[in-house]
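Written out below as structure tokens is the structure these notes cover.
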2 protein chains.
Amino acid sequence: MLADPIQTLRDHGIQPSAQRVEVARYVLDTDEHPSADRVWEVVRERQPTISRATIYNTLNLFVEHGLLRTLLLSEGHVVFDPKTNRHHHFVDEATGRIVDVPWDALDVGRIDELPFEVADYQVVLRGRLS
Amino acid sequence: MLADPIQTLRDHGIQPSAQRVEVARYVLDTDEHPSADRVWEVVRERQPTISRATIYNTLNLFVEHGLLRTLLLSEGHVVFDPKTNRHHHFVDEATGRIVDVPWDALDVGRIDELPFEVADYQVVLRGRLS
DNA sequence: GCATTGATTTAGACTGAGTCTAAAACTGGA
DNA sequence: TCCAGTTTTAGACTCAGTCTAAATCAATGC
Ligand SMILES: [Mn+2]
Ligand SMILES: [Mn+2]
Ligand SMILES: [Zn+2]
Ligand SMILES: [Zn+2]
């Protein structure tokens with residue numbers, strides 16, 4: 001349960017409309033990595049009249065404010081991730097489910113030897129959840 | 001230059017039609033990571049009548065036969081990668097350009113300690129080409 | 001309370017990547 | 001050459017995501 005979604009939105013200068021609060025309650029507190037349509041499905045249970053455009057507007061607004069990140073790992077559509085600290089991802093090939101892998105669980109060495117300015121990186125793993 | 005695209009296709013039991021050979025000549029031998037539309041653009045120079053459907057059919061056929069892999073790294077569309085051995089990828093945030101990073105250039109440790117059956121993995125890096 | 005005004009939401013039109021379909025063109029073998 | 005199977009093609013279609021313009025809402029000032 002997210003401590004106080006209304007305050008979280010206010011802290012980022014976002015008007016806490018009823019629709020935005022319901023999106024925040026779900027998407028900022030989930031361990032899933034939901035697509036926009038999954039967010040719509042869940043939020044409609046409490047806000048049955050919310051439109052698809054508002055779902056997209058709100059998710060994009062949250063991304064602009066750094067409350068969410070987008071992930072594009074496979075299977076062709078964007079998913080949203082409320083965990084904005086660094087971590088890796090495991091993708092279950094059977095179901096498409098995305099599971100977080102803590103940053104400390106892996107060691108990645110020699111990034112600094114690459115001839116690039118690396119701003120960010122992650123390990124993307126695929127396989128079977130066992 | 002790909003040694004013999006016709007023979008490469010035959011080796012995989014693929015009829016080397018004129019269209020498929022021209023797709024193969026470009027996409028199996030490039031260092032770019034082209035989208036389907038980029039492939040169409042290039043192949044049309046030699047096969048001006050080739051259709052978009054044939055581009056997609058051919059690319060998907062090559063993927064089924066393991067001649068290509070698809071990558072979904074960012075910016076929302078699939079690109080194709082003829083390098084089917086393991087390697088990592090760097091994505092230039094300014095241009096979207098994808099650059100190969102040799103497998104041996106990085107060390108990833110403690111994969112075997114994860115509670116998953118990891119079939120495959122790669123490091124995805126983002127930043128500026130410097 | 002009421003009016004004004006800007007912010008937010010909404011339905012539905014629109015876009016673009018990718019798939020599907022059914023007809024036309026091509027191919028290799030009899 | 002004929003035939004049957006394969007491949008190509010144009011265009012219809014789908015689906016995620018964006019855009020638009022009208023309707024609704026919410027804060028402020030009177
Ligand atoms: Mn995550
Ligand atoms: Mn590559
Ligand atoms: Zn913010
Ligand atoms: Zn093959």
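Every chain is numbered from 1, with letters handed out A, B, ... down the list of sequences.
Not a single donor-acceptor pair under 3.5 Å links the side chain of A:R52 to the backbone N or O of A:A36. Side chain of B:D92 to backbone of B:L129: a donor-acceptor contact under 3.5 angstrom is found.
Applying the 4.0 Å criterion to OP1 and OP2 of C:dT9, one finds that A:S17 has a side-chain N or O inside that range.
Interatomic distance, B:L125 CG to B:L73 CG, rounded to the nearest 0.5 Å: 10.5 Å. If you take CG on B:L28 and CG on B:D81, they are separated by 11.0 Å, rounding to the nearest 0.5 Å. Rounded to the nearest 0.5 Å, atoms NE2 (B:H12) and CD (B:Q7) are 10.5 Å apart. The distance from the CG atom of A:N60 to the CG atom of A:L68 is 9.5 Å, given to the nearest 0.5 Å.
The distance from atom CG of B:N60 to atom C1' of C:dA17 is 12 Å, rounded to the nearest whole Å. Whole-Å rounding puts the A:R20 CZ to C:dA7 P distance at 11 Å. The separation between A:I14 atom CD1 and C:dA7 atom C1' is 14 Å, rounded to whole Å. In this structure, A:L61 atom CG and C:dT9 atom P are separated by 9 Å, rounded to whole Å.
With sequence neighbours left out, A:T54 forms a side chain to side chain donor-acceptor pair (under 3.5 Å) with A:S51. Scored by the side chain to side chain donor-acceptor pair (under 3.5 Å) test, B:R69 finds B:D120 as partners (sequence neighbours excluded). Qualifying side chain to side chain donor-acceptor pair (under 3.5 Å) partners for A:E93, counting only residues two or more places apart in sequence or in other chains: none. By the salt bridge (Lys or Arg N to Asp or Glu O under 4.0 Å) test, B:E22 is found to be paired with B:R25, B:R46, residues two or more places apart in sequence or in another chain being considered. For B:N85, the side-chain contact (heavy atoms from CB on, under 4.5 Å) partners two or more places apart in sequence, or in a different chain, are B:K83, B:H87. With sequence neighbours excluded, the residues satisfying ring-ring contact (aromatic ring centres under 6.0 Å, His included) with A:F116 are B:F90.
For the segment residues 40-56 of chain B, residues with any heavy atom less than 4.0 angstrom from an atom of DNA chain C are, sorted by number, B:R52, B:A53, B:Y56.
Each end of the helix from C:dG1-D:dC30 to C:dA30-D:dT1 gets its own axis from five base pairs, and the two axes differ in direction by 10°, given to 10 degrees.
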Distances for protein N/O vs nucleotides 14-16 of chain C N/O pairs under 3.5 angstrom?
none

Polar atom pairs (N or O), protein with nucleotides 23-30 of chain C, under 3.5 Å:
none

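Environment of CZ in B:R110: crowded, with over 12 heavy atoms of neighbouring residues, nucleotides or ligands closer than 6.0 Å.
Ring geometry for A:H88 against A:W103 counts as parallel: the plane angle stays under 30°, on a 0 to 90° scale with 60° as the upper cut.
Nucleotides of DNA chain D lying under 4.0 Å from heavy atoms of chain A occupy a range whose first and last members, 5' to 3', are D:dA16 to D:dC19.
Other cluster members for B:Y56: none, since no ILVMFWY side-chain heavy atom sits under 4.5 Å from it.
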